[in-house]
Amino acid sequence: MNAAVSQMTVETSRAARYARCVKMSKKVEWQIDRDLVRGREFDHSRKFLPDGLSFVDRLAFLAPGEARFMSQVQGRTYAYLFGLVERFISAKMIEQGRKHVFGDQLALEGLVRFSNEEIKHQELFRRIEAMLDAEMPPGYRMVADPNAVARAVLAASTWAVLALTCHIELFVQAHYDQSIAPREDLCALWKDVFFFHWKDECQHVMLDELEWTAEHAQLTPRQREAAVDDLIGLVGAVDGILQQQATADADYFLANVGREFAASEATAIRDGLLAAYRWQYIVSGVQHAHFGRLLTSMTTPEQMARIQAALKPILGVA
């Protein structure tokens with residue numbers, strides 16, 4: 001009897017959280033042209049990414065204009081990589097929505113709205129890339145195809161994909177709250193892009209948690225063990241993309257910055273870009289307190305030790 005009452009309480013609580021996500025989504029709903037872009041262009045006299053994300057302040061040999069250009073190169077990549085990850089996130093949430101078709105209709109609505117918002121974000125980031133391609137020097141290169149990445153990610157277990165998604169959407173919030181929002185010296189349009197992005201992610205992360213914990217409850221110990229292996233593999237794949245993009249961005253920066261650097265300085269630029277990208281896309285999420293609590297609650301100490309061992313080389317460089 002007590003167990004049945006407890007289960008009913010849990011289900012009621014989950015239903016209320018889905019309902020809250022739908023309410024929040026409706027409240028903050030926005031359109032790209034009407035609310036965000038509003039006919040504006042990017043201001044290249046200002047930085048795009050703040051130093052807390054770009055780590056540009058660690059490269060003391062850069063002149064102010066060079067540091068600004070570095071932040072703009074990183075900002076372009078920041079937008080590109082978000083567009084890339086949203087391809088697999090939207091696909092996964094469409095898949096998760098099917099599980100609720102004959103169940104909680106608010107859960108279904110929440111996931112449908114989530115998917116639609118992620119598709120809108122993809123359109124936004126495509127628009128940004130087109131604008132920046134027309135404004136910045138030629139030669140910028142994106143190293144990974146979004147569809148190929150999405151197919152590879154979605155081949156992993158649902159548990160691992162939802163864990164990675166929750167990790168991403170938690171660090172989106174942290175980046176905006178801690179680094180982007182407080183800065184008044186950033187390009188206003190670029191800052192607004194991530195303000196509106198943040199508005200949607202605030203409810204997305206609640207849906208991530210609801211779906212991830214529900215998936216976890218359905219798995220056997222053996223399936224959970226395999227899912228942890230998948231998560232480690234996904235993080236390694238993300239790091240591989242970051243390494244390639246850091247190299248491509250270093251080449252682009254050095255080719256277009258307007259002067260030659262000493263070999264040691266060029267090496268520092270390459271290493272600095274990789275450290276920044278690892279911080280942005282892996283470390284800041286891994287070190288997010290809520291993600292840590294969730295992951296710890298769904299893994300054994302031995303599994304956490306394996307995850308930490310896999311992260312050690314990345315944490316040591318970022």
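Note that the numbering runs from 1 along the sequence shown for the chain. Not measured: the values here are computed from a predicted model.
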- Note on the structure: Between Leu273 and the options Leu59, Val73, Asp249, the side-chain contact (heavy atoms from CB on, under 4.5 Å) test singles out Asp249
- Message: Between Thr220 and Gln223, is there a side-chain heavy-atom distance shorter than 4.5 Å?
- Response: yes
Which donor-acceptor pairs under 3.5 Å do side chains of residues 136-150 form with protein atoms, sequence neighbours excluded?
unit_1 : atom_1 : unit_2 : atom_2 : d
Tyr140 : OH     : Thr77  : OG1    : 2.6
Asp145 : OD2    : Asn147 : N      : 3.2
Asp145 : OD2    : Ala148 : N      : 2.9
Asn147 : OD1    : Arg87  : NH1    : 2.6

- Message: Any carboxylate oxygen within less than 4.0 angstrom of a Lys/Arg side-chain nitrogen, looking at Arg278 and Asp239?
- Response: yes
- Message: Less than 3.5 Å apart, any donor N or O on the side chain of His288 or Gln173 sitting next to an acceptor on the other?
- Response: no
- Message: Taking salt bridge (Lys or Arg N to Asp or Glu O under 4.0 Å) as the definition, give me every residue that meets it alongside Glu41, ordered by chain and number, with sequence neighbours left out.
- Response: none
- Item | Within 6.0 angstrom of Arg40 CZ, more than 12 heavy atoms from elsewhere | yes
- Message: So that I know where these two stand, are His197 and Phe125 an aromatic pair - ring centroids less than 6.0 Å apart?
- Response: yes
- Compute the centroid of each ring, for Phe82 and then for Tyr281, and state whether the two points are separated by less than 6.0 Å. yes
- Between the side chains of Asp43 and Trp190, does any donor sit under 3.5 Å from an acceptor? no
- Note on the structure: The single option from Arg76, Arg183, Gln74 that satisfies side-chain contact (heavy atoms from CB on, under 4.5 Å) with Leu49 is Gln74
- Task: Assess the side chains of Ser54 and Lys47: does a donor N or O sit below 3.5 Å from an acceptor N or O?
- Result: no
- Message: Quick check: Phe194 with Tyr78 (ring centres under 6.0 Å apart)?
- Response: yes
- Item | Glu117 versus His204, side-chain donor and acceptor atoms under 3.5 Å | yes
- Do Glu225 and Arg306 meet the salt-bridge criterion of a basic N to acidic O distance under 4.0 Å? yes
- Cut-off 3.5 Å, side chains only: do Arg14 and Thr213 have a donor facing an acceptor? yes
- Item | Under-4.0 Å salt bridge between Glu209 and Arg17 | yes
- Message: Run the side chain to side chain donor-acceptor pair (under 3.5 Å) test against Gln308 and tell me which residues pass, sequence neighbours left out.
- Response: none
- Message: Can you confirm whether more than 12 heavy atoms, excluding those of Arg222, are under 6.0 Å from its CZ atom?
- Response: no
- Message: Between the side chains of Glu95 and Lys92, is the shortest nitrogen-to-carboxylate-oxygen separation below 4.0 Å, so that they form an ion pair?
- Response: yes
- Message: One pair to check against side chain to side chain contact (heavy atoms under 4.5 Å, CB included): Leu242 and Leu81. What are the steps and the verdict?
- Response: CA-CA 9 Å; Leu242 299 180; Leu81 289 175; 3.8 Å; yes
- Message: Under a 4.0 Å threshold between the charged nitrogen and the carboxylate oxygen, would Lys26 count as salt-bridged to Glu109?
- Response: yes
- Item | Ring center gap for Phe291 and Phe171 short of 6.0 angstrom | no
- Ignoring hydrogens and angles, state whether a donor on the side chain of Gln105 or His100 is under 3.5 Å from an acceptor on the partner side chain. no
